Amino acid sequence: MIWLGTSWKMTKTLAEARAYAAGLVAALDGRDLAGLQPFIIPPFTALTPVADVLVAEPRILLGAQNAHWEDAGAWTGEVSVPQVADAGARLVEIGHSERREHFAETIETTGLKVRAALRHGLHALLCIGEPAEVKDAGDSTAYILAQARGALGGLTAGELANVVIAYEPVWAIGEHGRPATAAELAGPFAALAAEYGGRAAGVLYGGSVHQGNAAELLTIAGVEGLFVGRAAWQLEGYLELLEIAQGAAIRA
């Protein structure tokens, strides 16, 4: 199975979100998606409007960009897993590097959030990735395995089967990120495959993914999908990437 998803981050009005979702549903109408798992992650405000549109295309997983580990309580400004599930989400993104850097997300809190998502029957999408200084020191693999093990340690085989792992090197993501080379990704993905291949729902790559490098990225051993940013914020871009992913799925 090849996963192909995008987080819209803090973009899109309700009208823009509905239009994207409606266009995606129309584009996939009658299309064979064998071997593919598409997913989109809008901002919280657009979850229910997008979910309403995706009723016509249940093969697309709808995700939330974050959720708290407690089911309810005095957590001003937070949103719980039951709330995002009630809004239509079937997946929760956890531990993105922006959350770790700007909002004090830790290995401990990512583990709590993973368990909360799984407890309520949602997929957990755990993001891991090292900063440039760790890469430069040659410690990338140890760093990302510590993030993954810290969040996923103790899960049962059944629970882990509902976890998606997205390796997103901090130095490769965002507007100023540098696209990673296949050689740079070989070691981390070999380690992730050895630990989680065939056990997690999927191990994905994210970081300056675009239409020009997606096909090559999907040939790297251990890469089971792509988690895309701004290259998929417009529907046309996402559909182009979906075509590339489908080609890889057919060849697999």
Side-chain angles (χ1 to χ4, degrees), residues 3-11 39-41 43 63-67 91-114 117 124-153 163-196 200 202-214 216-218 220-233 237 241:
W3 295 69
L4 193 286
T6 182
S7 169
W8 298 345
K9 301 194 179 187
M10 199 171 70
T11 72
F39 65 97
I40 57 175
I41 308 182
Q65 294 181 21
N66 184 39
L91 175 149
V92 179
E93 180 183 358
I94 296 164
H96 189 279
S97 64
E98 292 161 359
R99 299 290 311 173
R100 295 178 192 260
E101 179 183 0
H102 301 298
F103 300 101
E105 194 86 86
T106 65
I107 289 177
E108 179 184 11
T109 58
T110 59
L112 292 171
K113 291 179 178 188
V114 165
L125 171 62
L126 176 68
C127 300
I128 59 175
E130 82 283 11
E133 57 268 25
V134 171
K135 176 187 182 297
D136 293 342
D139 296 329
S140 295
T141 296
Y143 188 95
I144 63 172
L145 285 179
Q147 288 182 320
R149 290 167 178 164
L152 305 179
V163 173
V164 183
I165 300 169
Y167 171 46
E168 297 188 296
V170 178
W171 47 269
I173 67 174
E175 184 177 0
H176 304 293
R178 173 181 67 78
T181 66
E184 289 173 317
L185 298 179
F189 272 99
L192 290 170
E195 189 110 0
Y196 299 105
V203 182
L204 320 185
Y205 175 70
S208 297
V209 177
H210 53 75
Q211 290 78 3
N213 64 6
E216 180 185 7
L217 290 168
L218 287 169
I220 297 171
V223 175
E224 298 172 325
L226 300 172
F227 190 27
V228 190
R230 62 191 68 247
W233 285 355
L241 289 160

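Remember, it's a predicted structure, so these values are computed and weren't measured experimentally. Sequence positions, counted from 1, serve as the residue numbers for this chain.
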Inset, instruction - Report yes or no: does Arg100 contribute a side-chain atom to a donor-acceptor pair with the main-chain N or O of Glu105 at less than 3.5 Å? - result: no
Legend entry - Ile220 to Ala182 - nearest heavy-atom pair and separation: CD1-CA, 3.8 Å
Inset, instruction - Can you sort out the partners of Tyr167 under ring pair (Phe, Tyr, Trp, His ring centres under 6.0 Å), two or more places apart, ordered by chain and number? - result: Phe189
Inset, instruction - Please round to the nearest 0.5 Å and tell me the distance separating atom CD1 of Ile94 and atom CD of Gln65. - result: 13.0 Å
Legend entry - Heavy-atom pair with the smallest gap, counting every atom of Ile107 and Gln147: CD1-CA, 4.0 Å
Legend entry - Stepwise side chain to side chain contact (heavy atoms under 4.5 Å, CB included) check, Val223 with Val203: CA-CA 6 Å; Val223 175; Val203 182; over 6 Å; no
Legend entry - From Trp171 atom CH2 to Arg178 atom CZ, the distance as rounded to the nearest 0.5 Å: 4.5 Å
Inset, instruction - For Thr106 and Thr109, work out which heavy atoms get closest and say how close. - result: N-OG1, 2.9 Å
Inset, instruction - For Leu126 and Val164, run side chain to side chain contact (heavy atoms under 4.5 Å, CB included): C-alpha distance rounded to whole Å, both residues' side-chain angles, the deciding distance at 0.1 Å, then the answer. - result: CA-CA 6 Å; Leu126 176 68; Val164 183; over 6 Å; no
Inset, instruction - May I ask you to test the Val114-Leu152 pair for a side-chain heavy-atom distance under 4.5 Å? - result: yes
Legend entry - Heavy-atom closest pair, residues Val228 and Leu4: CG2-CD2, 4.3 Å
Legend entry - Heavy-atom closest contact (Thr6 atom, Gly229 atom, distance): OG1-O, 3.6 Å
Inset, instruction - Compare every heavy atom of Ser7 with every heavy atom of Phe227, then report the nearest pair and how far apart it is. - result: CE1-N, 3.6 Å
Legend entry - Partner residues of Tyr196 under the ring pair (Phe, Tyr, Trp, His ring centres under 6.0 Å) criterion, sequence neighbours left out: none
Legend entry - Any residue meeting side-chain contact (heavy atoms from CB on, under 4.5 Å) with Glu98, in chain and number order, not counting sequence neighbours: Lys9, His96, His102
Legend entry - Any pair counted as salt bridge (charged side-chain N to carboxylate O under 4.0 Å, His left out), so long as it reaches residues 185-194, sequence neighbours left out: none
Legend entry - Ile41 CD1 to Trp8 CH2 distance, which is reported to the nearest 0.5 Å: 10.5 Å
Legend entry - Contact check, side chains of Arg230 and Thr11, non-hydrogen atoms, under 4.5 Å: no
Inset, instruction - For side chain to side chain contact (heavy atoms under 4.5 Å, CB included), just list the numbers for Ser97 and Glu168, CA-CA rounded to whole Å, side-chain angles, deciding distance to a tenth of an Å, and then say yes or no. - result: CA-CA 8 Å; Ser97 64; Glu168 297 188 296; 5.8 Å; no
Inset, instruction - Start with the C-alpha distance between Ile128 and Ile165, add both sets of side-chain angles, then the distance that settles side chain to side chain contact (heavy atoms under 4.5 Å, CB included), and finish with yes or no. - result: CA-CA 7 Å; Ile128 59 175; Ile165 300 169; 3.9 Å; yes
When the side chains of residues 135-145 are checked against the rest of the protein, which donor-acceptor pairs come out under 3.5 Å, sequence neighbours left out?
from, atom 1, to, atom 2, distance (Å)
Lys135, NZ, Glu184, OE2, 3.1
Ser140, OG, Glu130, OE2, 2.9

Legend entry - Partner residues of Arg149 under the salt bridge (Lys or Arg N to Asp or Glu O under 4.0 Å) criterion, sequence neighbours left out: Glu195
Legend entry - Separation between OH of Tyr205 and CG of Leu217, rounded to the nearest 0.5 Å: 6.5 Å
